[in-house]
Amino acid sequence: MNKYELPQDSQLRHKDFVFGVATSSYQIEGGVAEGGRTPSIWDTFCQKPGKVDDGDNGDVACDHYHLWQQDIEMISDLGVDAYRLSIAWPRILPEDGVVNPQGLAFYEQIIDACHARGMTVYVTLYHWDLPQYLEDKGGWLNRETAYKFAEYADVVSRHFGDKIDVYTTLNEPFVAAFLGYRWGIHAPGVVGEREGFLASHHLMLGHGLAMPVLRKNAPNAKHGVVFSASPAYPLEDKDIGAANYSDADNYQWFIDPVLKGEYPALITEHQAMHMPMILEGDLEIISAPVDYIGINYYTRNVVRYDEHGEIKIVPQPENEHTYIGWEMYPQGLTDLLVRLNERYDNMPPIYVTENGAATDDTCVDGQVNDEQRIRYFQTHLEAIDQAIRAGVRIDGYFAWSLMDNFEWAFGYRQRFGLVYVDYQTQERTLKQSAIAYKNMLLERAEENK
Ligand code: FCB
């Protein structure tokens with residue numbers, strides 16, 4: 001297949017539906033000691049033996065810090081409407097209270113280059129690269145970090161104002177809090193139930209504190225937050241409770257405070273002894289209205305209770321998986337979007353801000369035949385179409401990722417790009433999946449002429 005087929009009469013064919021590609025700062029930039037940047041928690045974490053596959057780190061990554069110009073051209077050549085990127089906090093505030101004009105200038109060139117090519121810009125303020133100097137004071141376990149985040153949001157939004165079309169406070173607080181501070185799989189590598197919930201509350205508070213700041217400095221931009229979600233399915237009827245709990249832990253714990261102004265009772269009751277200190281007024285701050293929410297979807301979880309009443313994820317070996325070991329389950333995306341729409345009365349428009357697959361790609365004679373990724377995108381675009389037909393408002397879709405990059409604890413072995421990166425030469429090659437995206441967008445542009 002050389003292009004994705006959008007269903008007839010699909011909203012996805014409409015010119016106002018936003019198609020984009022996404023990246024994040026630490027995963028692509030490199031240049032970690034350049035332009036006045038200081039270390040983030042990921043620079044530190046990567047140095048700890050055994051934390052990242054093959055001992056990889058983000059020192060060079062895709063060298064986007066130097067190659068950004070050609071990268072923006074490449075994005076524009078795909079014909080997308082929008083580019084979703086993130087800003088590295090330690091480039092903007094390399095020391096506590098010290099603004100780095102070079103950091104702001106780096107992102108300004110990129111934003112200008114996108115606009116010059118007619119693309120809108122979606123900027124995430126926090127895609128996990130917390131300045132190490134804040135971690136040294138407790139990181140997200142310290143309530144003060146939420147206020148520091150609002151200061152950082154102020155610096156960025158005062159500088160850029162409405163020049164950034166769409167602001168995102170946080171990317172996936174679930175991963176930042178639970179992988180980072182509960183299970184220790186991500187930076188900073190803290191393990192503890194109490195710590196996980198405390199970090200999550202402070203992240204959400206940071207989001208809430210930043211919202212009025214962003215609105216004031218960028219009154220015409222859109223403001224929101226991005227969540228990951230892997231919807232749960234019970235293995236058998238007796239496991240329905242396990243699935244409900246899994247949904248609460250996996251995404252409702254993060255989305256409910258924003259859209260309902262409360263934490264889900266399933267968690268506050270079951271985890272009573274680990275609950276964070278929630279001060280009066282915190283939930284009002286966190287539940288400030290948002291213009292949209294972003295949803296990142298990759299896979300689902302099938303769950304059951306084990307003999308001790310513990311919830312276990314049940315692998316589905318008979319189903320198709322991607323190279324990273326995640327089940328390919330497009331129906332999960334439709335189900336998730338419909339479930340969310342049912343759960344929240346005041347559901348703002350949704351962007352699917354990430355979706356994609358890691359495959360075991362090789363570049364042969366300048367060609368990358370990523371057949372599975374093509375099927376992944378095709379079926380997930382259809383899944384979004386289904387959700388729209390079921391009445392969910394979805395305004396856009398961002399493929400993860402523009403190009404292969406530093407896949408966190410998996411290092412460089414997991415390739416999520418539409419574009420293949422040769423890390424020896426930094427050469428970029430459009431995979432077949434990128435060509436299919438481009439052809440689909442070309443056809444859509446023709447239709448909408
Ligand atoms: C998401 C992250 C993104 C990337 C994909 C595969 O959880 O937001 O940075 O790692 O997973």
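Both counts, for ligands and for their atoms, begin at 1 and track the order of listing.
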**Request:** To the nearest 0.5 Å, tell me how far Leu6 CG sits from Gln11 CD.
**Result:**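 Between Leu6 CG and Gln11 CD, I get 11.5 Å after rounding to 0.5 Å.
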**Asked** Could you state the interatomic distance from CG (Asn405) to NE2 (His64), rounded to the nearest 0.5 Å?
**Response**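 Going from CG on Asn405 over to NE2 on His64, the span is 11.0 Å.
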**Item:** Student check: side-chain heavy atoms of Ile87 and Ser25 closer than 4.5 Å
**Value:**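 Of all side-chain heavy-atom pairs linking Ser25 with Ile87, none is under 4.5 Å.
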Please say whether [X] places an N or O atom under 3.5 Å from an N or O atom belonging to ligand 1.
{"X": "Ser24", "value": "no"}
{"X": "Trp326", "value": "no"}
{"X": "Trp400", "value": "no"}

Protein contact of [atom] - nearest heavy atom, named by residue and atom, plus distance:
{"atom": "atom 5 (C) of ligand 1", "answer": "Tyr298 OH, 3.2 Å"}
{"atom": "atom 7 (O) of ligand 1", "answer": "Glu172 OE1, 2.5 Å"}
{"atom": "atom 1 (C) of ligand 1", "answer": "Glu354 OE1, 3.1 Å"}

Has [X] got its NZ or CZ under 6.0 Å from the middle of the six-membered ring of [Y], at an angle within 45 degrees of the ring axis?
{"X": "Arg428", "Y": "Tyr420", "answer": "no"}
{"X": "Arg91", "Y": "Phe106", "answer": "yes"}
{"X": "Arg373", "Y": "Tyr376", "answer": "no"}
{"X": "Arg415", "Y": "Tyr323", "answer": "no"}

**Message:** Taking 4.0 Å as the limit for heavy-atom contacts, which would you say applies to Trp128 with ligand 1: side chain only, backbone only, both, or neither?
**Reply:**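 Under 4.0 Å from ligand 1, Trp128 contributes side-chain atoms alone.
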**Request:** Can you sort out which atoms of ligand 1 are near His127, meaning under 4.0 Å from one of its heavy atoms?
**Result:**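 The atoms of ligand 1 under 4.0 Å from a heavy atom of His127 are 2 (C), 3 (C), 8 (O), 9 (O).
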**Asked** Counting from 1, what ligand 1 atoms have a heavy atom of Gln27 closer than 4.0 Å?
**Response**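 Going through ligand 1 atom by atom, the ones under 4.0 Å from Gln27 are 3 (C), 4 (C), 9 (O), 10 (O).
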